[in-house]
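Written out below as structure tokens is the structure these notes cover.
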Amino acid sequence: MPLSDADRPLYEVKANLFKGLAHPFRIRILELLSESAEVSVAQMLAETALEPSHLSQHLAVLRRHRLVVSERRGSNVFYRLAHPVTADMLMVARQLLYEILRDDQDRLARAAALPDIGGTSR
């Protein structure tokens, strides 16, 4: 019998959450939802250029991980972030990425400044 989230160590629950985030289109969907109070499926289709079935699959993963909630109004379905702190998490991840890239750029500049090594170049 599988353990419930309440019975799992927190680091394992976190790892599963990150697995749910581990796709570029799911991150893009969350970014879109972070920019507005709610977004229709039609808007998401236009913004992501995904096939409807693919968008549906990504939204299902995000719902399963309780990151988004939906509401049907007539023939339209609207999504919003289940927890506003998700937008904060995305911003922190972006800041971390910028720092990592800046560090890499600094290392690359230092490496480029090293003296040439004799031998043949490829």
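All values below come from the heavy atoms of this structure, side chains included, with hydrogens, waters and symmetry mates left out. Everything numeric here is computed off the predicted structure, so don't read it as measured data.
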- [ ] Using side chain to side chain donor-acceptor pair (under 3.5 Å) as the criterion, list what pairs up with Glu47, not counting sequence neighbours.
- [x] none

- [ ] Quick one: do Leu33 and Thr86 satisfy side chain to side chain contact (heavy atoms under 4.5 Å, CB included)? Show the steps, please.
- [x] CA-CA 10 Å; Leu33 295 172; Thr86 303; over 6 Å; no

Task: Separation of Ile29 CD1 from Tyr79 OH (nearest 0.5 Å) - done: 9.0 Å

Task: Backbone of Phe25 reached by a side-chain donor or acceptor of His23 within 3.5 Å - done: yes

- [ ] Check whether NZ of the Lys or CZ of the Arg Arg72 lies under 6.0 Å from the centre of the six-membered ring of Phe78 and within 45 degrees of that ring's axis.
- [x] no

- [ ] Give a yes or no on whether a salt bridge exists between Lys14 and Glu12, defined as a side-chain N under 4.0 angstrom from a carboxylate O.
- [x] no

Open item on the list: With no hydrogens and no angle check, just 3.5 Å: does a side-chain donor-acceptor pair link Glu31 and Ser34?
Closed with: no

Task: Trace of the side chain to side chain contact (heavy atoms under 4.5 Å, CB included) decision for Leu21 with Met89 - done: CA-CA 11 Å; Leu21 295 169; Met89 177 190 63; 3.7 Å; yes

Only distances under 3.5 Å count here; give the side-chain donor-acceptor pairs of residues 99-107 to other protein atoms, sequence neighbours excluded, each with its distance to 0.1 Å.
from	atom 1	to	atom 2	distance (Å)
Asp104	OD1	Arg107	NH1	2.8

TODO: State the CZ-NZ distance between Arg26 and Lys19, to the nearest 0.5 angstrom.
DONE: 12.0 Å

Task: Residue of the set Leu30, Leu50, Thr48 for which side-chain contact (heavy atoms from CB on, under 4.5 Å) holds with His58 - done: Leu50

- [ ] Calculate, to the nearest 0.5 Å, the distance between atoms CG and CD belonging to Leu81 and Glu35 respectively.
- [x] 10.5 Å

- [ ] Go through the steps to decide whether Val68 and Arg63 satisfy the test side chain to side chain contact (heavy atoms under 4.5 Å, CB included), and finish with yes or no.
- [x] CA-CA 5 Å; Val68 299; Arg63 278 192 314 271; 3.7 Å; yes

- [ ] Please answer whether the main-chain N or O of Val39 pairs with a side-chain N or O of Ser36 as donor and acceptor at a distance below 3.5 Å.
- [x] no

Open item on the list: Working note: Leu67 + Leu17, criterion side chain to side chain contact (heavy atoms under 4.5 Å, CB included); need CA distance, chi angles, decisive distance, verdict.
Closed with: CA-CA 9 Å; Leu67 292 167; Leu17 173 64; 3.9 Å; yes

